[in-house]
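What follows is a set of notes on a single structure, which appears directly below.
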Amino acid sequence: MKELRLFNSLGQKMETFVPEIPGEVAVYVCGPTVYNHPHIGNFRPAIVFDLLRRVLLALGYKVTYVSNYTDVDDKIINRAMELGISEKELTESVIKEYRGLIDELGCLQPDITPTPTAYMDKIIAYVKDLVDSGHAYVVGGDVYFRVSSVPHYGELSGNSVDSLLSGARIEVNSKKESPLDFALWKATEVGIRFDSPWGKGRPGWHTECCVMIDSIFKSRDGHIDIHGGGFDLKFPHHENEIAQSYAHNGNGLATYWLHNGFINIDNEKMSKSLGNVLLAKDVIAEYGAMAFRMMVLSAHYRAPLNFTPDTIAEAKKGYERLQAAYRSLGIYLQANGVDDPSSLPSSSLDEFLTPLCEDLNTPNALTVLYAKIKQSNADLRACKGNIEPLKADFAALRDYSKILGLNVKYPCIQNIGKQLYREYFDAKANKDFAKADELRGKLTEMGIWMN
RNA sequence: GCAUCCAUAGCCAAGUGGUAAGGCAAGUGACUGCAACUCACUCACCGUCGGUUCAAAUCCGGCUGGAUGCUCCA
């Protein structure tokens, strides 16, 4: 099996990927809080970790890919009240939209998409365990995690407990033993809330992910191979997940921690306050889902990605070049005796996978793709009826596209199309340009012209 | 203030010790009966100052500029 190297945020260095169970990979990616139409920033992790999943699959691993929808949160409660609907109605409609966008963007749906509301019993039991073992304490109806009860807090984010303490803001909430302690359970008056041994309330965000991982991957002691998410989640979210996992399961939750960079708009942070939040559905409507995916792939996943009309337009062109070359080959092959190009045997993927195996270097993978597109176009121009090189070109474009999650297609030209192409090639060979033009017009009209 | 990361051509973006991938735009040329498509060629001393080294975009330090986080919070 080809070696995959990944940059592990835990330790800040490149490491060779070695799964805990040979041949199998457990992945968890922090999903969105579903309170409003998803914006484009929600889909960078979705695309990046979908790519990781596809690379793992191409390398021959069996992958279990889990990504949650956070459906308990203040933002959800506030938004639901604004709209005058229940939290459940709101989250269900947003999840539905999100799932649709995932499809459009060429991402595979996760194998499992847990939601905290469905795990409430387990969350409460988990928090109770932490209280019982002395890693958490109850104040009023709240439960807080005792950060001082676990070693190495700050390991992931590069913070030390001392520096975090010195940088801590003046706490409004003085109920906590330490400013670093975080809420596992919070007593609430407003919105959706649940019964617990500590009264009515809601779970803390950090705990939700931990419990879902712990439950879904019970057979692995709640320890997964890869945990992914946006850069902003490193601290406190992932740091706190690690602390809880050490306290509850005696392990650090995940071996490899991967964090994707953010999307900026015109070199500015995308934020509500700046009023520059771009909704995924709007961007897709204007430029196409594949243009957006191509744009995400055009930069390394850890680097910031700048969204401007130019950058997405450029990505769109790149995708269209791929699509056009693939389509031309698909049609030409059918017109020349290959009835089902999609079933042509695969060619070697080694050259293409090599950059992807170096910490998902998609820009370099795209370089390989562009070279193949160029070669395909040149081969098609020069083939003179010899379709052998075209078969290999086609298979390569097909397989590369699949790994990148870029949807490409070609029309089935049917027997009538094959007949018209035979006549077209004959007419051209006989320099009967009037007839060739007519046939070209007809093929164009049918939507199956090569170019 | 503390922490993490970044600074490569008009634009996007790889490369992390041995004299700068790729894409967009631009220019030149080729193919073609025509149009479109396509192909070839041209286009960077790597923010700045200093250090280490036979050798640095690549390592170290200063400076300048930028992104993000600092606890349930936008």
Side-chain angles (χ1 to χ4, degrees), chain A residues 7 9 12 14 33 70 72-75 78 142 144-145 147 154 156-160 162-169 171-173 176 178-186 188 202-208 230-240 259 261-264 267-274 294-295 297-300 302-321 324-325 327-328 355 358 361-371 373-382 428 431-434 436-437 440-441 444 449-451:
Chain A
F7 184 86
S9 295
Q12 301 281 8
M14 291 284 285
T33 300
T70 299
V72 184
D73 186 274
D74 285 345
K75 292 192 285 280
N78 294 336
D142 298 345
Y144 294 99
F145 187 86
V147 167
L156 175 67
S157 56
N159 292 302
S160 70
D162 285 345
S163 75
L164 284 168
L165 281 172
S166 70
R169 293 172 180 172
E171 279 291 323
V172 180
N173 181 352
K176 295 194 284 185
S178 159
L180 299 189
D181 293 350
F182 54 91
L184 303 179
W185 188 269
K186 194 162 190 176
T188 52
R202 298 198 302 278
W205 175 39
H206 314 307
T207 311
E208 296 166 355
F231 237 92
D232 57 329
L233 299 181
K234 243 182 179 179
F235 189 89
H237 186 51
H238 290 163
E239 198 71 73
N240 290 351
H259 293 99
F262 266 45
I263 296 181
N264 296 331
N267 278 318
E268 271 188 319
K269 175 187 176 181
M270 184 170 74
S271 72
K272 272 191 205 163
S273 55
L274 289 168
M294 185 61 117
M295 191 184 83
L297 297 176
S298 72
H300 187 85
R302 283 190 280 117
L305 177 63
N306 193 27
F307 182 102
T308 67
D310 285 348
T311 55
I312 184 124
E314 184 187 321
K316 187 180 169 75
K317 278 185 191 171
Y319 167 68
E320 284 171 349
R321 275 187 67 197
R327 182 175 182 278
S328 297
E358 275 299 309
N361 194 324
T362 49
N364 282 345
L366 288 179
T367 295
V368 177
L369 176 71
Y370 283 124
I373 291 170
K374 199 171 274 192
Q375 188 192 338
S376 298
N377 286 327
D379 286 347
L380 182 58
R381 174 71 63 105
K428 267 198 87 164
K431 298 204 183 295
D432 184 350
F433 297 122
D437 279 351
R440 181 171 73 189
T444 302
W449 175 242
M450 293 192 320
N451 296 327

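- A/H237 pairs by the ring-ring contact (aromatic ring centres under 6.0 Å, His included) definition with A/W205, A/H206, not counting sequence neighbours.
- Residue A/L233 contributes atom CG, which lies 10 Å from atom P of B/G69 at whole-angstrom precision.
- Here B/C37 is the nucleotide among B/U4, B/C37, B/U71 with the atom lying nearest to any side-chain atom of A/N451.
- Under the side-chain contact (heavy atoms from CB on, under 4.5 Å) criterion, A/A436 pairs with A/Y424, A/A427, A/K428, not counting sequence neighbours.
- Across all strands, A/R202 comes closer than 4.0 Å to no nucleic acid atom at all (heavy-atom distances).
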Going 5' to 3' through nucleotides 6-19 of chain B and flagging B where a protein heavy-atom sits under 4.0 Å of the base, S where only the sugar-phosphate is that close, and - otherwise, we get ------BSSS----
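- Residues that satisfy the salt bridge (charged side-chain N to carboxylate O under 4.0 Å, His left out) test with A/R440, not counting sequence neighbours, are A/D437.
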Taking N or O atoms only and anything under 3.5 Å, show me the protein contacts with nucleotides 39-43 of chain B, one pair per line.
from	atom 1	to	atom 2	distance (Å)
B/C39	OP1	A/N377	ND2	3.4

Identify each donor-acceptor pair in which a side-chain atom of residues 363-370 of chain A lies under 3.5 Å from a protein atom, sequence neighbours left out, and give them as a table.
from	atom 1	to	atom 2	distance (Å)
A/T367	OG1	A/P363	O	3.2

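- Remark: A/R302 engages A/D359 in a salt bridge (charged side-chain N to carboxylate O under 4.0 Å, His left out) (not counting sequence neighbours).
- Applying the salt bridge (charged side-chain N to carboxylate O under 4.0 Å, His left out) criterion to A/K75, with sequence neighbours excluded, gives A/D73.
- Taking the salt bridge (charged side-chain N to carboxylate O under 4.0 Å, His left out) definition, one finds that A/D379 meets it with nothing, sequence neighbours left out.
- Following rounding to the nearest Å, A/F433 (CZ) and B/A35 (P) show an atom-to-atom distance of 13 Å.
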Quick test: give all pairs of protein nitrogen or oxygen and nucleotides 25-30 of chain B nitrogen or oxygen below 3.5 Å, distance rounded to 0.1 Å.
from	atom 1	to	atom 2	distance (Å)
B/A25	OP1	A/K317	NZ	2.9

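- The side-chain contact (heavy atoms from CB on, under 4.5 Å) search around A/D232 returns A/F262, not counting sequence neighbours.
- Looking at residues two or more places apart in sequence or on another chain, you find a side-chain contact (heavy atoms from CB on, under 4.5 Å) between A/S376 and A/L329, A/K372, A/D393, A/L397.
- For the pair A/F231 CZ and B/G69 C1', the computed distance is 10 Å after rounding to whole Å.
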